[in-house]
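Notes to accompany the following structure.
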There are 2 protein chains.
Amino acid sequence: MLHEEVVGRIRAILLDGEIPPGARIPERELCDRLQISRTPLREALKVLAAEGLVQLLPHRGSRAAKLTDKDMRDLFEVCQGLEALAGELACERITDAEIDEIAAAHSDMVKHYREGDLIQYYRGNRAIHEAIVTAAGNPVLVGLYASVTARIRRARYVTPMTPQRWALAVKEHEAILNALQRRDGVGLAHILRAHLRHKREEVLQAGFAETEGSELTLRIA
Amino acid sequence: MLHEEVVGRIRAILLDGEIPPGARIPERELCDRLQISRTPLREALKVLAAEGLVQLLPHRGSRAAKLTDKDMRDLFEVCQGLEALAGELACERITDAEIDEIAAAHSDMVKHYREGDLIQYYRGNRAIHEAIVTAAGNPVLVGLYASVTARIRRARYVTPMTPQRWALAVKEHEAILNALQRRDGVGLAHILRAHLRHKREEVLQAGFAETEGSELTLRIA
DNA sequence: GGGCTCCATTTTGCATGCAAAAATGAACTT
DNA sequence: AAGTTCATTTTTGCATGCAAAATGGAGCCC
């Protein structure tokens, strides 16, 4: 089994919320499950700890990282900064084909919005932001963005998505696409900052979902 | 020996350029030197690989990461974005004491500039940027910034620091300090972007120093 | 002489083993 | 009955061992 695969699988387990934040990571159990010994598992845990998904306690094992409100705010701030940077860079480099792709993803997302399918809407939303980051043509940026968004997604939260907020988000996305098409980097950076600021406000208002709880009606996958 | 210590020591070895970029990392030798077995060493190498300092080749061991011109450009771009973000955030949160500290570091740096001590100047320069990032009060940002700057420093380069360029850099730093004191976040972000853009141009013009070579008169430590 | 093949050596990747530290729990004291 | 202490069990962290893969080089073919 390749090292990277182990890291990926444990990351997936964490992102799926199978091990709730703050919970101990059962070394032996994961070994059995992944059919590996403790050595590669521990290597993977160290890597994930460096990524911020796992918390290592000396002589006390590893726990799934628990994110405080402050951590969340910090992550959103950085995410915002990275997206704004990506937007600016993307405007300099993005190809027409890439713009078309994002435009397609956008109208797809709007379709889900019209249908009221929040889950699919979020999926499309993520795809668009990821496409912009990719279009920036900067692998370093892609890596950091992936790390930050992974940690954000790790702390699954509920957003009380009111029709007004949702409409605003869609409108902002229209503006994002528009700025991209005009290749207006500065304008796009502005919009992206505002876009994430709104999102962040939602999150902080909503607080966090108890990961153990099953009473929540909506989770963002 | 604590795991983190091993990571730190190997990172230091890499940053010191003791193992040149692209060179194989001699596992056994490092084991002997650090008085540890291969298990914790390999864990540390995996972590450093996740950080981008080490390149892991399946069944072929690990090499010190070799950065191409493109990698450097990417790193500088992201570094610029992070510093601009830090500047904006710092303006919202920085205390007077922190500003005083940066001001002191600044005049210290200017002193080294007047004395023509480029090495000390760079040290001061770094201290100021790090202080700004710290003042942003965002540990996530601090972590990403550290990772990016470590990789940049890893690829030691020479800058053909002409008096004009140097004077410009100092002037920009004056403006940075000024914006901080006025807590003008947007303005600071602008200046920081321009500041790093100038630096980036220098770097790309200069190309990279051969790390093995000793013929170079200046290295940035 | 150049290039290929095959085998010995080295190195990597993982499993296992062992000592030390923490968690557990039972007995004992108050 | 609650708290404390100490021994047992479990878990962690690291060293070591072993099989598989890669490296290097001698011999061989063309």
Side-chain angles (χ1 to χ4, degrees), chain A residues 1-14 16-67 143 154 211-212, chain B residues 1-14 16-67 143 154 211-212:
Chain A
M1 167 115 40
L2 222 51
H3 159 74
E4 237 178 84
E5 194 187 327
V6 177
V7 174
R9 289 195 61 178
I10 300 174
R11 199 188 348 246
I13 288 173
L14 289 172
D16 286 349
E18 207 175 312
I19 297 175
R24 278 194 44 179
I25 294 173
E27 243 181 48
R28 182 152 301 284
E29 202 181 302
L30 274 181
C31 286
D32 293 349
R33 180 161 156 194
L34 301 183
Q35 299 283 353
I36 54 175
S37 78
R38 293 200 306 128
T39 306
L41 180 79
R42 287 169 47 74
E43 285 176 357
L45 289 178
K46 296 255 158 70
V47 170
L48 292 169
E51 280 180 29
L53 282 173
V54 166
Q55 192 179 2
L56 255 48
L57 298 94
H59 290 285
R60 287 208 208 163
S62 40
R63 309 181 87 84
K66 189 161 197 173
L67 299 178
R154 174 71 181 92
T211 321
E212 293 88 358
Chain B
M1 167 112 42
L2 222 51
H3 159 76
E4 238 180 84
E5 194 186 328
V6 177
V7 174
R9 288 195 61 178
I10 300 173
R11 197 188 349 244
I13 289 173
L14 290 171
D16 286 350
E18 206 175 313
I19 297 174
R24 278 197 40 177
I25 294 174
E27 244 183 44
R28 182 152 301 283
E29 203 180 301
L30 274 181
C31 286
D32 293 349
R33 180 161 157 193
L34 302 183
Q35 299 283 352
I36 54 173
S37 80
R38 291 202 308 128
T39 306
L41 180 79
R42 286 169 48 74
E43 285 176 356
L45 289 177
K46 296 255 159 67
V47 170
L48 292 168
E51 279 180 30
L53 283 172
V54 166
Q55 194 178 1
L56 255 46
L57 298 95
H59 290 286
R60 286 209 209 164
S62 40
R63 310 182 86 83
K66 189 161 197 174
L67 299 179
R154 175 72 181 88
T211 322
E212 293 89 358

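Proteins get letters first, then strands, A, B, ... in listed order; numbering begins at 1 in each.
Interface residues of residues 58-66 of chain A facing DNA chain C, ordered by number: H59(A), R60(A); criterion, heavy-atom separation under 4.0 Å.
If you take CD on E29(A) and CG on D32(A), they are separated by 8.0 Å, rounding to the nearest 0.5 Å. Interatomic distance, I13(B) CD1 to I25(B) CD1, rounded to the nearest 0.5 Å: 9.5 Å.
L14(B) has its side chain out of reach of P21(B): every pair of non-hydrogen atoms, C-beta onward, lies at least 4.5 Å apart. Looking at P40(A) and H3(A), their side chains never come closer than 4.5 Å, going by heavy atoms from C-beta outward.
The two atoms that bring P20(A) and A64(A) nearest to each other are O-CB, 3.5 Å, heavy atoms only.
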> Should I10(B) and L34(B) be marked as a side-chain contact (heavy atoms from CB on, under 4.5 Å) after you check the CA-CA gap, both sets of side-chain angles, and the distance that decides it?
Replying inline: CA-CA 9 Å; I10(B) 300 173; L34(B) 302 183; 4.1 Å; yes
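The listed nucleotides are dT12(C), dC14(D), dT11(D); the one nearest the side chain of R24(A) is dT11(D). Out of dG17(C), dA15(D), dG17(D), the shortest distance to the side chain of R38(A) is found at dG17(C). Checked against dT12(D), dA15(C), dC14(C), the side chain of E43(A) finds its nearest nucleotide in dC14(C).
L45(B) has its CG atom 14 Å from the P atom of dC14(C), to the nearest Å. The distance between atom CD1 of I36(A) and atom P of dA15(C), rounded to the nearest whole Å, is 7 Å. Going from atom CG of L41(A) over to atom P of dT16(C) covers 14 Å, rounded to whole Å. Regarding R28(A), its CZ atom lies at a distance of 16 Å from the C1' atom of dA23(C), rounded to whole Å. When rounded to the nearest whole Å, the span between CD of E27(A) and C1' of dA22(C) equals 14 Å. Atom CD in Q35(A) sits about 17 Å away from atom C1' in dG13(C), given to the nearest Å. Between K46(B) atom NZ and dG13(C) atom C1' the separation is 7 Å, expressed in whole Å. In this structure, E4(B) places its CD atom 15 Å from C1' of dG13(D), rounding to the nearest Å.
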> Could you spell out the base pairing of DNA chain D in dot-bracket, with Watson-Crick or G-U pairs whose two distances are under 3.5 Å, [ ] crossing and | to another strand?
Replying inline: ||||||||||||||||||||||||||||||
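In this structure, the side chain of R63(A) engages the main chain of G22(A) through a donor-acceptor pair within 3.5 Å.
Between E18(B) and R33(B), at least one side-chain N (NZ, or NE/NH1/NH2) sits under 4.0 Å from a carboxylate O, which counts as a salt bridge.
For the OP1/OP2 pair of dC14(D) and a distance below 4.0 Å, the side-chain nitrogens and oxygens of T39(B) include no atom meeting the criterion.
Within 4.0 Å (heavy atoms only), L57(A) reaches sugar-phosphate atoms of the nucleic acid but no base atom.
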Throw together a table of side-chain donor-acceptor distances under 3.5 angstrom for residues 46-60 of chain B, partners on residues two or more places apart or in other chains.
{"from": "K46(B)", "atom 1": "NZ", "to": "E43(A)", "atom 2": "OE1", "distance (Å)": "2.7"}
{"from": "E51(B)", "atom 1": "OE1", "to": "R11(B)", "atom 2": "NH1", "distance (Å)": "2.5"}
{"from": "E51(B)", "atom 1": "OE2", "to": "R11(B)", "atom 2": "NH1", "distance (Å)": "2.8"}

